[in-house]
Amino acid sequence: MLYVSTRNHGEKVTASQAILKGLADDGGLFVPEQIPKLDVPVSQLADMAYQETAYEVMKLFFTDFTETELKKCIQNAYDAKFDTEEIAPLKKAGDAYFLELFHGATIAFKDMALSILPHLMIAAARKNQVEREIVILTATSGDTGKAALAGFADVEGTKIIVFYPKDGVSPIQQKQMVTQKGDNTFVVGINGNFDQAQTGVKEMFSDQALAKEMAAAGYQFSSANSINIGRLVPQIVYYVYAYAKLIHSGGLSDGEPMNVVVPTGNFGNILAAFYAKNMGLPIGKLICASNENKVLYDFFTTGTYDRNREFVLTSSPSMDILISSNLERLIYRITGDNAEQNLAFMKSLQEKGRYEITDSMQRQLSDFYGNYASEEETGAAIQRIYAESNYIIDTHTAVAAAVYKKYREETGDHTKTVIASTASPYKFTRSVMAAIDGNYGSKPDFGLVDELESLSGVKVPKAIEEIRTAPVRHKAVCEVDKMQAVVKEFLGVQ
């Protein structure tokens, strides 16, 4: 299985090379030349543990890893770091199944892929005789940063630099990042939003002069964002696992379709579900849920992607994104894998802030349904699900639940549905508790942790207990145009 850039077919690389590079030299994203088909029957997957399912999916994409290498990466990733044996439990609440993807070390779905990425990367470096130190350069809207920091902390041969919008994450998300241990970790708040952080990181990746400077100093950049194929492929696993577990429990019969609802920002999580469907998993509708930054809803409705709009800070900050990087992989796919046409769209996005797909491309998006939830609707979804099912969800999952309700009312489709539950409510205690009871709204996030435990009956996660009194280690803040200078300073590159 070889990988090509979404912007130029001249560069073909192996899986391990794509993981190491993160982004193609031309600024494009690596995609497999073809999406492989599942080669194990779902009935067989139904009896497998998460780790076994992960191997059956990943072996089809990471073909230059040996069975031993890949299984070792999987075992090292999905171990006691997760607080449930199932790794990704399914909970039925109301008319949907919630796929809990937040049982890892940093209580967000990013752990599902970022627990394995460091192991894949170190194996890939050995495989490709890489002698330079790998510098993980990442922008985060809240969750990727901490999950990447936790994954790469003190991993030999790596350093990790995370940029986050200083005023655009929840207090608990920020505390998780700025208290991160590890001599190889560096966290920087920027005076800007996530899109500016992400653009700054992408510019550093595509700066060839900077790459030469880094190489001379013994470094090479790689990414832990979902632009890295080593992040995306592990996310396919949990959709396959969810379907197989529903077969196992009798929730679905073999071959029966399953809808998927995903709260969506950078488009990686729902793209993984799209890839799973293309591998042969019987997924019906892919329901793309946005918050008030509804650039994706507008795209699926009109065929025009337009980031020229006000950036809204919401209670679901990991989705406060106007440039959904992973959408490029879908655009490339619906152009018929036409790198030249895709490049023209991405150039238009960069220069004009918008592009418009053709009618024939839009017809290929029939698998998707897009909608959005306002702040009021998000809070109402938390309150409703708690009242009906005594089950507490976070703000991002609530966006998905609110959009799913709209979808059901609009279409009358009662296909069994899995909602990707992307973060623990403990990450957003004030927003969650205020939605359940307005009297909680004035209290600080950390002050509500014990109240949430009492209300939910779910023990305070270790990730929260650890940071309550942890000292702040990272205090750096910079302007957007100083990101490169900050990276050079941390690495000692003059």
Side-chain angles (χ1 to χ4, degrees), residues 50 54 77-93 96-117 140-151 169-170 172-173 175-177 226 231 234-235 237-239 241-242 245 260-266 268-270 272-273 289 315-319 378 381-382 385-386 389 391-401 418-433 435 445 448-449 452-453 455-467:
Y50 192 89
Y78 304 112
D79 58 8
K81 288 190 291 292
F82 287 80
D83 62 21
T84 57
E85 201 178 322
E86 307 102 299
I87 306 297
L90 276 164
K91 299 283 175 69
K92 181 87 159 58
Y97 293 90
F98 288 81
L99 179 61
E100 293 187 345
L101 300 171
F102 52 76
H103 288 280
T106 76
I107 57 174
F109 83 101
K110 307 294 173 80
D111 289 322
M112 301 300 294
L114 282 164
S115 294
I116 193 168
L117 183 62
T140 184
S141 55
D143 286 336
T144 286
K146 174 60 183 178
L149 287 161
V169 299
S170 82
I172 286 176
Q173 285 177 311
K175 189 84 186 282
Q176 280 190 302
M177 287 188 279
S226 53
R231 263 281 306 275
Q235 292 181 261
V237 174
Y238 47 73
Y239 294 108
Y241 179 76
K245 286 300 129 189
V260 171
V261 192
V262 187
T264 308
N266 221 13
N269 203 357
I270 196 164
S315 61
S316 47
S318 300
M319 299 160 67
T378 301
I382 293 171
I385 288 168
Y386 175 66
S389 305
Y391 182 67
I392 298 180
I393 56 175
D394 91 293
T395 45
H396 303 74
T397 309
V399 168
V418 166
I419 294 176
S421 186
T422 53
S424 164
Y426 279 102
K427 266 201 155 170
F428 307 95
T429 45
R430 189 164 50 83
S431 297
V432 168
M433 295 296 280
D445 287 54
L448 289 166
V449 165
L452 179 54
E453 181 179 47
L455 211 57
S456 66
V458 175
K459 193 171 179 290
V460 177
K462 186 179 166 194
I464 299 295
E465 292 289 11
E466 282 177 347
I467 62 168

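All residue numbers refer to positions in the sequence shown, counting from 1.
Across all their heavy atoms, Ser141 and Val169 have their closest contact at O-CG1, 3.8 Å. Here the shortest heavy-atom pairing between Phe428 and Ser315 reads CD2-O, 4.2 Å. Closest approach of Ile107 and Asp111 over heavy atoms only: N-OD2, 3.2 Å. Here the closest non-hydrogen pair linking Ile467 and Ala463 is CG1-O, 3.5 Å. Taking both residues in full, the closest heavy atoms of Ile392 and Pro425 are given as O-CG, 3.7 Å, listed atom of the first, atom of the second, then distance. Smallest separation of non-hydrogen atoms from Gly268 and Gln235: C-NE2, 4.3 Å.
Tyr78 places a side-chain N or O within donor-acceptor distance of the main-chain N or O of Met112, the cut-off being under 3.5 Å. Using a distance-only test at 3.5 Å, with no hydrogens or angles considered, a donor-acceptor pair links the side chain of Tyr241 to the main chain of Glu86.
Looking only at side-chain heavy atoms (C-beta outward), Asn269 and Thr422 come within less than 4.5 Å of each other. Between Gln176 and Thr106, some side-chain heavy-atom pair lies under the 4.5 Å cut-off. Two residues are said to be in side-chain contact when any heavy atoms from C-beta on lie closer than 4.5 Å; Tyr391 and Ile393 meet this criterion. Taking the side chain as every heavy atom from C-beta outward, Ser115 and Phe82 approach each other to under 4.5 Å. Using a 4.5 Å heavy-atom threshold, the side chains of Val262 and Phe109 count as separate. A heavy-atom distance below 4.5 Å is not found between the side chains of Asp394 and Phe102. Considering only heavy atoms from C-beta on, Ile87 stays 4.5 Å or farther from His103 through its side chain.
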After noting the C-alpha distance and the side-chain angles of Lys459 and Asp83, does the key distance pass the side chain to side chain contact (heavy atoms under 4.5 Å, CB included) rule? CA-CA 11 Å; Lys459 193 171 179 290; Asp83 62 21; over 6 Å; no
In sequence, state the C-alpha distance, the side-chain angles, and the governing distance for Leu114 and Arg231, and then conclude on side chain to side chain contact (heavy atoms under 4.5 Å, CB included). CA-CA 7 Å; Leu114 282 164; Arg231 263 281 306 275; 3.6 Å; yes
After noting the C-alpha distance and the side-chain angles of Val432 and Tyr426, does the key distance pass the side chain to side chain contact (heavy atoms under 4.5 Å, CB included) rule? CA-CA 8 Å; Val432 168; Tyr426 279 102; over 6 Å; no
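Looking at residues two or more places apart in sequence or on another chain, you find a salt bridge (charged side-chain N to carboxylate O under 4.0 Å, His left out) between Glu466 and Lys462. In this structure Lys81 satisfies the salt bridge (charged side-chain N to carboxylate O under 4.0 Å, His left out) test together with Asp79, sequence neighbours excluded. Under the rule for a salt bridge (charged side-chain N to carboxylate O under 4.0 Å, His left out), the partners of Lys91 that lie at least two apart in sequence or sit in another chain are Glu100.
For the residue pair Gln173 / Thr140, no side-chain donor-acceptor distance below 3.5 Å is found, with atom types taken as modelled. A donor and an acceptor atom, one from each side chain of Thr395 and Ser316, are nowhere located under 3.5 Å apart.
Just one residue in the list His396, Lys110, Lys427 forms a side chain to side chain donor-acceptor pair (under 3.5 Å) with Asp143, and that residue is Lys427.
A distance of 11.0 Å separates CE of Met433 from CD1 of Ile382, quoted to the nearest 0.5 Å. Leu455 CG to Thr429 OG1: the interatomic distance, rounded to the nearest 0.5 Å, is 12.5 Å.
With respect to Lys175 and Asp445, no salt bridge is recorded, no charged nitrogen being found less than 4.0 Å from a carboxylate O.
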